[in-house]
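Okay, structure first, notes after.
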Amino acid sequence: PWEGLCLYRVLARECRRTWDLRGLMEAGLSIIVGILVGLAYRDMEKDVRGVLDRLGFFLVVMVAVGVFTIDRVFAFQRKKATALHELQSGVMSAWVFHLSQTLAELPKRLLSSGILAITLLLLVPLHEDANRRVAFFLFVVICGICSALLADACSALTSKAAAIFPGLLIVLLVLGGPFMDPDTDAGVVLQHFSYFRLIFSLLMSNELQGEDYAFDAIIAGVRIEDAVDVSGDEWLVQLNIDNEQGWHLLGLGLWSLLFWGIGVLGLIKSTTARPRFRPGVSV
C-alpha cells in the first residue's frame, strides 16, 4: 500500500507539472469540438427527423470522446518507458504501477469529457429534465474513462499502439453504433463485442424514454399533419435498444475491469526479461 501511495504521489506531481500546457490544450479542444457539434445539432425537433438527428448526435459524441483519448497512448508509453527499469527489477509491481497511473491520469480524463458534455448541454436541445441532463453528463464521462482504459491496455500490450488504437476505435464504434442490423443474428451478436453499444443504449434510452415524437407522415407527396405521435419507448423498441440502464452500467464496469486487467498483463509481458541472442554463445 505504501508503495502504491508513493508512486501515486509521484505520478500525480508529474501530471500537475505538465498540466499547464497540455491541460489547457485539452480543455480548449473540448470546448471547440463541443461548440462545433452543438451548432450542428442545435435545431433538433421532437419528430422523426429529430430521432434520426439524435442517433447521429450521440454517435458523434462517442467519436469525439474516443478521439480525445488517443493522446493517452503516447502519455502511457512515456510513463511506461520511465518505469521500465523498476518494473523489470521487481522494485515496483505491474499492478501497482498501472493502478497509480490510472488514478493519476483520471482527473484529466474527467475534465476533458466533462467539458465536452457541459458545452453540448448548453447548446443542444436535449431532454429538459435536470436528472436526465446530469445522466447525459455522467454517461459521456464514463465513455471517456472506458476509452482511456482501452488506450492504456493497447499501450501496455504493444509499442505499436499509436497505429492500432485508432483503427480499433473505429471498429468498436461501428459495432456499437446504429449501423448493425438488429434483425440479423450476426448483428445482434457483434454488438456485444463493443462497450460503445452500452454507452449508445444509455444515451438513447435516457433521451427518448417517456417522450412523444411527432410522426410527420408524407403520402403521395402530401404531408399528413394529423398523424399520430410515436412514443420514445416505441422508437427504442424499433431500434432494438433496451432501457436497462442498471445492467448497462454494470456491463461498462466489467468492460473497464477487463481493460485494466489487460493493461496489467501487458505490462507484465513487456517487462519480462527475454534472453538476447549472441552469436557464438550457447544458451
Side-chain angles (χ1 to χ4, degrees), residues 11-12 14-15 18-19 21-34 36-37 57-81 97-120 136-177 193-200 202-203 249 251-264 266-267:
L11 292 173
E14 184 175 354
C15 289
T18 60
W19 174 251
L21 180 59
R22 291 182 56 195
L24 289 176
M25 290 179 60
E26 291 183 8
L29 183 60
S30 299
I31 294 174
I32 292 174
V33 173
L36 294 176
V37 175
F57 170 70
F58 292 136
L59 177 62
V60 171
V61 171
M62 293 190 300
V63 171
V65 173
V67 171
F68 286 160
T69 57
I70 293 179
D71 72 303
R72 179 68 178 252
V73 174
F74 302 100
F76 187 89
Q77 289 182 337
R78 287 194 298 267
K79 300 293 194 316
K80 173 183 169 183
F97 169 77
H98 194 27
L99 179 60
S100 302
Q101 172 70 14
T102 302
L103 294 176
E105 290 283 338
L106 185 60
K108 289 185 179 181
R109 299 305 107 196
L110 295 177
L111 185 62
S112 178
S113 54
I115 290 177
L116 175 65
I118 292 175
T119 306
L120 293 173
F136 170 81
F137 173 85
L138 294 177
F139 297 156
V140 174
V141 170
I142 291 173
C143 182
I145 294 175
C146 291
S147 300
L149 291 174
L150 176 61
D152 290 349
C154 291
S155 301
L157 284 173
T158 175
S159 59
K160 299 181 177 59
I164 296 175
F165 181 66
L168 180 60
L169 271 181
I170 293 175
V171 173
L172 293 177
L173 284 166
V174 171
L175 295 179
F193 287 91
S194 173
Y195 67 95
F196 282 116
R197 182 62 185 181
L198 300 178
I199 296 291
F200 184 72
L202 285 171
L203 292 171
L249 291 172
L252 289 171
L254 294 177
W255 274 112
S256 300
L257 289 176
L258 175 63
F259 294 152
W260 190 85
I262 292 175
V264 173
L267 286 173

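Note: hydrogens, waters and symmetry copies are ignored here, and every other heavy atom, side chains too, is used.
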Does the side chain to side chain contact (heavy atoms under 4.5 Å, CB included) test come out yes or no for I115 and L111, once each step is laid out? CA-CA 6 Å; I115 290 177; L111 185 62; 3.7 Å; yes
Would you please classify the geometry between the F136 ring and the F57 ring as parallel, tilted or perpendicular, with 30° and 60° separating the classes? parallel
Looking at SG of C146 and CD1 of I199, how far apart are the two atoms once the value is rounded to the nearest 0.5 Å? 5.5 Å
Spatial distance of atom CG (L116) from atom CD1 (I32) [nearest 0.5 Å]: 12.0 Å
Nearest heavy-atom contact between T119 and G34 is CG2-C, 3.6 Å
Kindly indicate whether the side chain of L175, heavy atoms from C-beta on, has any atom under 4.5 Å from the side chain of F196. no
Separation of L157 CG from I164 CD1 (nearest 0.5 Å): 8.5 Å
Interatomic distance, CG@L173 vs OH@Y195, rounded to 0.5 Å, equals 7.0 Å
Here the gap from F165 atom CZ to L172 atom CG, rounded to the nearest 0.5 Å, amounts to 8.5 Å
So which atom in V33 and which in A64 form the shortest heavy-atom distance, rounded to 0.1 Å? CG1-CB, 4.1 Å
Do L150 and L168 have side chains that get closer than 4.5 Å, going by heavy atoms? yes
Side chain to side chain contact (heavy atoms under 4.5 Å, CB included) with I145: which residues, sequence neighbours excluded? L106, L110, V141, L149
Look only at the side chain of S30 and the backbone of S112, and say whether a donor-acceptor pair between them is shorter than 3.5 Å. yes
What's the spacing between L198 CG and L203 CG if we round to 0.5 Å? 11.0 Å
So, the side chain of S147 versus the backbone of G144: is there a donor-acceptor pair under 3.5 Å, distance only? no
Measure across L169 and G66 and return the closest heavy-atom pair with its distance rounded to 0.1 Å. CD1-O, 3.3 Å
